[in-house]
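Here is the structure we will look at.
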Amino acid sequence: MASAIAVTPFRRAICTRSITTSTSSLASVSDITASIDTAIPRFPINDTAPVHATIHHFPSLEPLRFQEYPANYLRLPTRRDILHRAVIFEGDNHRRGTASTKWRSEVHGSARKIRPQKGSGRARLGDKKSPMLRGGGVAFGPKRRDFSTDLPRRVYDLAWRTALSYRFKKGELVIVDNAMHVPKGTTMDYVPEMLRAHGWDNAAGRSLLVTLGPRPRLAGLLSGRHGRTLTWDEVDVKDLLELGRIVIERDALSNIFAMHRWDLHKNWNRFQVKRDLPIAEELEKEDEDELVYEMEEFDEDVEATEERGEDQPAQGEQSYQVVVQGKY
Amino acid sequence: MRRIPRPQRPIENLLPYYPSWRPRLVCFTGFPARYRFSPTSATFSSSTRYNGIFDGKPDKKKHQAMVRRWQKRLLGESEPIGAHVDPYDPTSPVRITPEEQGEEQEMLEEAEDGEGLGEYEEAVTWDGLEVVGGEKWAKEFNEWQKGDKLRGWEGSAYAPQTKVTEQSQLNNAFLRAVVETYMLIQAKQEPTLASHPERFSSEDPTWIYNVKLHAAPDGQLELNFPPEAMKEFLEEVNYREAKEQAVEEGLEEVVEEYIAEEVHAEAENSSHEPGSQSIDNAIAGSTDAVPTKAAALVKQNEKKPFDFMSNRPVPRAKREESTMTVDEVTETTTVNPESPSPTAELEALASTSEEAVATMRTAVRNAIETLAAQSISIQNPTVSEGPELVDYYEIQLTDPQIKFALSKRLLQLTSLRITDHLLNNSSTLGDLYTHLLAAAKPKPKKLIDQIRAEGEIQDKVKPGMEDLLRLPNVKLKDKRVTKVDKEREVGRWKVIEYALRERDLPVFTKDDVVEDRLKMERRKSRLWARAV
C-alpha cells in the first residue's frame with residue numbers, strides 16, 4: 001500500500017494520501033468508505049513504530065526513564081472480538097462443572113408400579129421416582145461435566161497482548177521498575193494511603209497490582225476494597241480488563257510477554273522468563289533472621305534447664321517455697 | 001516503720017471460736033526470721049461462749065473482769081500499759097511509741113525490700129548484672145522503637161498532592177518546563193536534572209519570563225536568555241543534586257569521595273564532557289583559595305569527596321580543637337598515608353565553613369559563567385534575530401528524551417500526568433500543551449455526563465452517541481432510579497406519603513436512603529483508621 005504524506009508542521013497538514021482498497025494489517029478499523037466531503041484529515045501515525053513506556057519508581061511513582069516496546073506488544077489495535085473470545089475461554093476453563101442431580105433412574109426407590117394402570121380414576125403412574133411426582137428425580141437435570149473449551153494458542157496470546165495494549169492506550173498501564181515490596185514497620189493504612197495518593201483506590205476504580213513473586217506484606221495490607229494483587233503467572237486476560245488500572249512490575253511484564261507471544265515466535269524461550277529470586281531472597285532473609293533469633297533464645301533455655309534440672313529455678317531467680325498448711 | 005495500733009478488744013468477735021477455723025498464716029522460709037509474720041495480738045478470745053456479746057450492764061462489768069483475769073494469767077500480773085490512761089493527755093504514757101518501749105513491730109513487706117539488699121557496692125565485674133547492649137539487644141531495642149514510630153505513607157509521593165487546574169498557572173508551568181529543559185539541553189546537561197525530586201518549588205523564578213523563545217526553521221527551539229540566568233539556573237540545579245548526594249552518603253564519606261573524584265577528574269580529563277570538566281576544575285581550582293586546609297585534605301583524604309556546596313548543617317566543633325587540627329594539618333607537608341580522622345578535619349572545615357562556602361560559590365559561579373558564555377557563543381550566534389515564538393505547534397518534538405524530561409517536569413510542577421500513549425503520539429510542543437490542558441480538565445464521574453459529552457459537544461462527538469440521547473424508548477436519568485421515583489411518575493407517591501403520615505410511620509425519601517448509604521460507608525472507612 002502506498003501513501004505519500006507531507007512531512008511538514010502538522011497543524012494545518014494537507015494529507016495527500018492515495019486511495020487504497022485495503023488497510024494495513026496492523027491499522028485499526030477506519031472508515032475508508034467515507035466520501036471526500038466528510039473525510040477528516042488524520043495525522044498519519046506510524047503503527048509499526050516502537051512504543052515508549054514510562055518506567056516508574058515504586059512507591060514514589062517518580063518517572064525514571066522510557067522503555068521501548070515493539071509495536072506488536074503494546075500498540076496492537078483493540079480487537080474486541082479476540083478479547084471476548086479469550087475471556088469466554090478463560091471463564092469456561094474455570095468452571096467447576098460440579099452441579100449434579102439425580103435422574104429418575106438414580107433416585108433411591110423401587111420400580112414398583114404405585115397404582116394399577118386402570119380403575120383408580122386417576123392418572124396412570126409408574127414408579128414413585130417419576131419427575132412428575134414430589135420426591136422424584138429431576139428431568140434431565142445437570143450432571144458433572146467438563147465445560148472447558150479450546151482456543152488456538154496464537155489467538156489467546158494475541159488477546160493477552162491486545163488487552164495490555166488496550167490498557168496502555170487508555171493510560172491505565174503503570175510499569176514499575178523495582179519490586180512492589182512493602183517494608184517492615186509501616187502503619188496499617190500505608191497501602192491504602194499510597195493508593196489514595198496515586199489515585200489508584202476505590203474512588204478511582206481499584207487497581208490490579210501484578211508482581212513477579214509473592215508479596216505477603218503488600219497482600220496483607222491491601223484490602224479488596226482498593227484492588228487486588230497477583231503474581232504474573234496467576235493473572236488472566238479477564239483480570240487485566242477487570243479493574244480500573246494495572247500496576248505491573250517491569251520484570252513481570254517481560255515474563256508475560258515471554259509467555260504470550262506464540263503468534264509472533266513459535267518457539268518461545270523458557271529461559272527468558274525471569275524468576276523472583278532476588279526479592280524472594282531478601283524477604284526470606286528478613287524472616288530468617290527473625291526465626292534464628294527466636295530459635296537461639298529457645299535453645300538457650302533448653303540447655304540451661306537441662307543442666308540444672310527442671311525443678312530448680314533459673315540462674316538469677318529466687319526460689320520461693322510456699323508452704324500451705326491447713327485443710328483448704 | 002509503720003506503727004500498727006494494738007486493739008484493746010479482741011479482733012475476732014461475734015462468731016464462736018473453733019481452732020480448726022482459724023486460718024493458718026503462710027510462712028515464707030526464704031526470709032530471715034525477723035520478718036516472719038507474728039500473729040496479731042488479739043487472736044485469742046478470752047470468753048468461752050458468748051464472745052463479745054453484751055447482754056447488759058452488769059454482764060459488761062463481769063465480762064471486763066473476766067477479760068482482766070485471763071490477761072493476768074497469760075501476760076502476767078501487770079496491767080497493760082494505757083489501760084486506765086487518758087490517751088489525749090500529752091503526758092500520758094500511751095503516747096510512748098512502741099518502738100521506744102522496745103517492742104517488736106509488725107512491718108509490711110514493702111518496707112523490707114530495700115533493707116534486705118544491704119549497702120550499695122559498685123560492681124567491679126559484670127557477673128550477675130543486667131546485660132544491656134550487643135546485637136540481640138540492639139535488635140530488640142530497634143523493634144521496640146519502631147513499634148512506637150511506625151512508618152506512614154505521608155510525603156513519599158514524587159508528584160505534589162494538589163493538582164493545578166487554573167489556565168494561567170498551567171501556562172506558566174508549561175513555559176517554565178520548556179525553558180528549563182531546553183536550557184539544560186543547550187548547556188549539554190541531562191535534561192532531567194530540572195525535575196530532580198528536591199527541586200520542586202511553588203514560585204516561578206522571575207528570570208524565566210525574561211527568556212525569549214525562537215523557532216528555528218528546522219523546527220527546533222532556541223532560547224534567548226541573559227547569561228546570569230543560565231549561571232543561576234545551573235548553579236541551582238547542580239547545587240540540588242550535590243546536596244542530595246551529600247545527604248545520602250553522609251558527611252564523612254562525602255568528604256573523601258569528593259576529593260577522590262576531584263583527583264580523578266584532574267587525572268583523566270580527556271573523557272569528560274566540557275561542562276562537567278570545567279566545573280570540576282573550577283572547584284578544584286577553588287580549593288587553592290583556602291590553601292592550607294583544602295590542600296591538605298586533597299593530599300591526605302584520597303577516598304571520598306567533600307561537598308562544599310552542600311547546605312547541610314555541620315556541627316561546629318570547639319575553637320580550640322579546630323585550631324589544633326589545623327596546625328597539625330599545616331605542619332605536615334608530605335603526603336601521609338594514614339591521615340588524621342576525617343571527623344577532625346570536618347570539624348576544622350565546619351568552624352570556617354562560611355568562608356569556605358563563600359569562596360567555593362564564587363569559584364563555581366566563575367566557572368559556570370565561563371561555561372555559559374561558551375555555550376551561548378556556540379549554540380546561538382543569531383539569537384537576537386528572528387521573530388519570537390507565537391505558536392507551540394511550530395516546535396517539533398522528536399527526541400523521546402526531551403519528551404520524557406518535559407513530561408516529568410510538568411508532573412513535578414502541576415501533578416498532572418500525560419499518558420504514555422499521548423506522549424508517543426505528540427510530535428509538537430503544541431500537542432503536549434493540549435494534552436496538559438486536557439489532563440487538567442476534570443473527567444466526568446457520572447456516566448450520564450460522559451454520554452452527554454460524547455453526544456453533544458461538537459469536538460468529541462462519537463458516532464452513535466447522538467442517537468442514544470434521542471432514542472424514544474430510552475430515558476437517561478442523572479440519579480439512581482428508586483421506587484419513590486417510579487411512584488412519583490405514576491402519581492401514587494403523594495397518596496402513599498399521606499397514608500404513612502396518617503399512621504405516624506416513617507417516610508423514607510430517596511435522600512434518606514442515600515444518607516444511610518453514606519453513613520454505612522463512613523462506618524466502614526473508620527475501620528481502616530491508623531493503627532497505633
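In the text below, chain A, chain B and the rest are named by the order of the sequence lines, each starting its count at 1. Any value given below was found using the heavy atoms of this structure, including those in side chains, with hydrogens, waters and symmetry copies removed.
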*By a 4.5 Å heavy-atom criterion (distance strictly below it), what part of Leu423(B) contacts chain A: side chain, backbone, both, or neither?*
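For Leu423(B), side-chain heavy atoms alone lie under 4.5 Å from chain A.
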*What part of Leu411(B) lies closer than 4.5 angstrom to a heavy atom of chain A: side chain, backbone, both or neither?*
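Side chain only.
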Supply the atom-to-atom distance [X] [atom1] to [Y] [atom2], rounded to the nearest 0.5 angstrom.
X	Y	atom1	atom2	result
Ser156(B)	Glu193(A)	OG	CD	10.5 Å
Leu422(B)	Lys169(A)	CG	NZ	11.5 Å
Arg65(A)	Phe404(B)	CZ	CZ	8.5 Å

On a heavy-atom basis, which atom in [X] and which in [Y] lie closest, and how many Å separate them?
X	Y	result
Lys408(B)	Pro63(A)	NZ-O, 3.0 Å
Trp153(B)	Ala197(A)	NE1-CB, 3.2 Å
Arg75(A)	Asn424(B)	NH2-CB, 4.1 Å
Pro400(B)	Phe66(A)	O-CE1, 3.3 Å

*Under the criterion side chain to side chain contact (heavy atoms under 4.5 Å, CB included), which of Ile418(B), Asp420(B), Thr419(B) is the partner of Thr54(A)?*
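Going through the options one by one, the only one that passes is Asp420(B).
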_Counting neighbours of CD on Glu68(A) that are heavy atoms of other residues, nucleotides or ligands and sit closer than 6.0 Å, is the number greater than 12?_
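Enclosed: over 12 neighbouring heavy atoms sit under 6.0 Å from CD of Glu68(A).
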_Does Arg167(A) have more than 12 heavy atoms from other residues, nucleotides or ligands lying within 6.0 Å of its CZ?_
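Count over threshold, so yes.
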*Segment of His56(A) engaging chain B (4.5 angstrom heavy-atom cut-off)*: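 Looking at His56(A), just its side chain touches chain B.
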*Of the backbone (N, CA, C, O) and the side chain (C-beta and beyond), which part of Leu195(A) lies under 4.5 Å from a heavy atom of chain B, both, or neither?*
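Neither part, no heavy atoms under 4.5 Å.
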*Val51(A) vs His421(B) side-chain heavy atoms within contact, under 4.5 Å*: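 No, too far: nothing below the 4.5 Å cut-off.
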